Enquirer: 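Sending over a structure as structure tokens; questions will come in a sec.
What's counted below: heavy atoms across the whole structure, side chains too, no hydrogens, waters or symmetry copies. Being a predicted model, the structure only gives us computed values, none of them experimental.
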Amino acid sequence: MTGQKVLVVDDETDFANGLARLISSDFPELAVSVAYSGPEALRAMDTSAPDLLLLDLNMPGMHGFDVMHAALEKHPNLSVVVLTAYGTVETAVAALKKGAWDFLTKPVGNEELQRAVAKGCERSFLLGENSRLKLLAARSGSGNALIGDSEVMRRLRETIAAVAAAEYTV
């Protein structure tokens, strides 16, 4: 999770700031920022894409679903956790169908929040890694290319090079 970014979006400034402080204390390796409206959040995402978006639904000016739609169009590997005081089964289902990864109701418990942040950041990392590896595979132009940069993969490449240089049948 090192180097990952979290953006908290809520029009209730005290709640948003408290949530940001709580996440920062539980996950000091994360960079946590706050936006107090949908348009402010989208402007922040233009300059720095977060890995995790904690998003209130009912905000004046721009509904959370509209923010989520715009954010996911720009950043498809983004994990969105919808956080609302007006949680119903219908709202949760709608949020998940529209692209949210998780749904929490206010007031949120610390354990719930920690789980959502940890799993959401892990999900974003894995989606980004998957995209990166697909790009590497496409660039290699061959389905037989070895992809990876671990110590084991380096040793495998060295062994292959050594065997290829020999005149023996392997």
Side-chain angles (χ1 to χ4, degrees), residues 1-136 147-150:
M1 271 198 286
T2 302
Q4 288 188 301
K5 299 173 192 156
V6 176
L7 178 60
V8 177
V9 185
D10 198 308
D11 60 314
E12 297 175 34
T13 57
D14 290 340
F15 180 79
N17 291 332
L19 204 58
R21 280 193 303 275
L22 191 58
I23 294 168
S24 292
S25 68
D26 290 340
F27 301 93
E29 69 279 10
L30 296 177
V32 182
S33 56
V34 178
Y36 305 108
S37 71
E40 182 184 347
L42 294 175
R43 282 192 301 275
M45 284 187 259
D46 283 341
T47 57
S48 177
D51 300 286
L52 177 65
L53 179 65
L54 284 144
L55 178 65
D56 186 27
L57 282 185
N58 297 314
M59 297 182 289
M62 188 174 196
H63 194 270
F65 284 153
D66 297 326
V67 176
M68 181 171 60
H69 177 73
L72 288 171
E73 271 195 355
K74 289 181 186 178
H75 311 290
N77 293 335
L78 176 65
S79 291
V80 179
V81 175
V82 170
L83 186 63
T84 184
Y86 307 100
T88 64
V89 172
E90 293 81 16
T91 308
V93 169
L96 297 174
K97 283 184 177 180
K98 291 176 187 278
W101 175 78
D102 202 353
F103 185 90
L104 301 174
T105 56
K106 295 178 187 177
V108 62
N110 194 35
E111 286 182 23
E112 281 180 292
L113 180 64
Q114 286 178 347
R115 180 201 51 79
V117 170
K119 295 293 183 186
C121 286
E122 178 183 28
R123 177 184 179 273
S124 289
F125 171 78
L126 291 173
L127 287 173
E129 187 68 5
N130 187 28
S131 296
R132 186 184 73 78
L133 291 173
K134 282 181 180 178
L135 183 63
L136 274 173
I147 299 173
D149 196 32
S150 67

Enquirer: Under the side chain to side chain contact (heavy atoms under 4.5 Å, CB included) test against Leu83, which residue among Leu104, Leu53, Val8 passes?
Expert: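 Only one option passes, and that is Leu104.
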
Enquirer: Starting from the C-alpha separation in whole Å, work towards a yes-or-no answer on side-chain contact (heavy atoms from CB on, under 4.5 Å) for Leu52 and Leu30.
Expert: CA-CA 10 Å; Leu52 177 65; Leu30 296 177; over 6 Å; no

Enquirer: Can Lys119 and Glu122 be counted as an ion pair, charged N to O under 4.0 angstrom?
Expert: yes

Enquirer: I need the Arg43 CZ to Ser37 OG distance, nearest 0.5 Å.
Expert: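 The OG atom of Ser37 is 6.0 Å from CZ of Arg43, to the nearest 0.5 Å.
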
Enquirer: Test your reading of the model: is there a side-chain donor-acceptor pair from Ser124 to the backbone of Asn77, 3.5 Å cut-off?
Expert: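 Confirmed, Ser124 side chain pairs with Asn77 backbone.
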
Enquirer: Within this structure, what is the OG-CG distance for the pair Ser25 and Asn110, rounded to the nearest 0.5 Å?
Expert: 7.5 Å

Enquirer: How many angstroms lie between atom NE2 of His75 and atom CG of Leu7, to the nearest 0.5 angstrom?
Expert: 10.0 Å

Enquirer: Could you go step by step and tell me if Thr84 and Phe103 meet the side-chain contact (heavy atoms from CB on, under 4.5 Å) rule?
Expert: CA-CA 8 Å; Thr84 184; Phe103 185 90; 3.5 Å; yes

Enquirer: Mind listing the closest non-hydrogen atom pair of Met68 and Val80 along with its distance?
Expert: SD-CG1, 3.7 Å

Enquirer: Taking the side chain as everything from C-beta on, heavy atoms only, tell me whether Asn58 gets closer than 4.5 Å to His63.
Expert: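 Yes, their side chains come closer than 4.5 Å.
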
Enquirer: Please give me the minimum heavy-atom distance between Val82 and Ala100, naming the atom from each residue.
Expert: CG2-CB, 3.7 Å

Enquirer: Do the side chains of Asp102 and Arg123 get close enough for a salt bridge, i.e. N-O under 4.0 angstrom?
Expert: no

Enquirer: Donor-acceptor pair, Gln4 side chain versus Asp51 backbone, under 3.5 Å?
Expert: no

Enquirer: Looking at Val108 and Leu113, what are the two nearest heavy atoms and their distance?
Expert: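 Closest approach of Val108 to Leu113, heavy atoms only: CG2-N, 4.1 Å.
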
Enquirer: Say you draw a straight line from NZ of Lys98 to CG of Asp66; how long is it, rounded to the nearest 0.5 Å?
Expert: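 If we round to the nearest 0.5 Å, Lys98:NZ and Asp66:CG are 8.0 Å apart.
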
Enquirer: Write down the atom of Val6, the atom of Leu54, and the distance for their closest heavy-atom approach.
Expert: CG1-CD1, 3.8 Å

Enquirer: Looking only at heavy atoms, what is the nearest atom pair of Thr91 and Tyr86, with distance?
Expert: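 Shortest heavy-atom contact: OG1-O, 3.9 Å.
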
Enquirer: Working to the nearest 0.5 angstrom, can you tell me the gap between Glu12 CD and Leu19 CG?
Expert: 11.0 Å

Enquirer: Can a salt bridge be assigned to the pair Glu129 and Arg132 using a cut-off of 4.0 Å between side-chain N and carboxylate O?
Expert: yes

Enquirer: Would you call Leu42 and Met62 a side-chain contact if the rule is heavy atoms closer than 4.5 Å?
Expert: yes

Enquirer: Check the pair Asp56 / Tyr36 against side-chain hydrogen bond (donor to acceptor under 3.5 Å, both in side chains), numbers first and verdict last.
Expert: CA-CA 10 Å; Asp56 186 27; Tyr36 305 108; over 6 Å; no

Enquirer: Is the shortest heavy-atom distance from the side chain of Leu22 to the side chain of Gln114 under 4.5 Å?
Expert: no

Enquirer: If you count heavy atoms of other groups shown closer than 6.0 angstrom to NZ of Lys134, is the number above 12?
Expert: no

Enquirer: Where is the tightest heavy-atom contact between Val67 and Met59, given as atom of each residue plus distance?
Expert: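 Heavy atoms only, the tightest pair is CG2-CE, 4.3 Å.
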
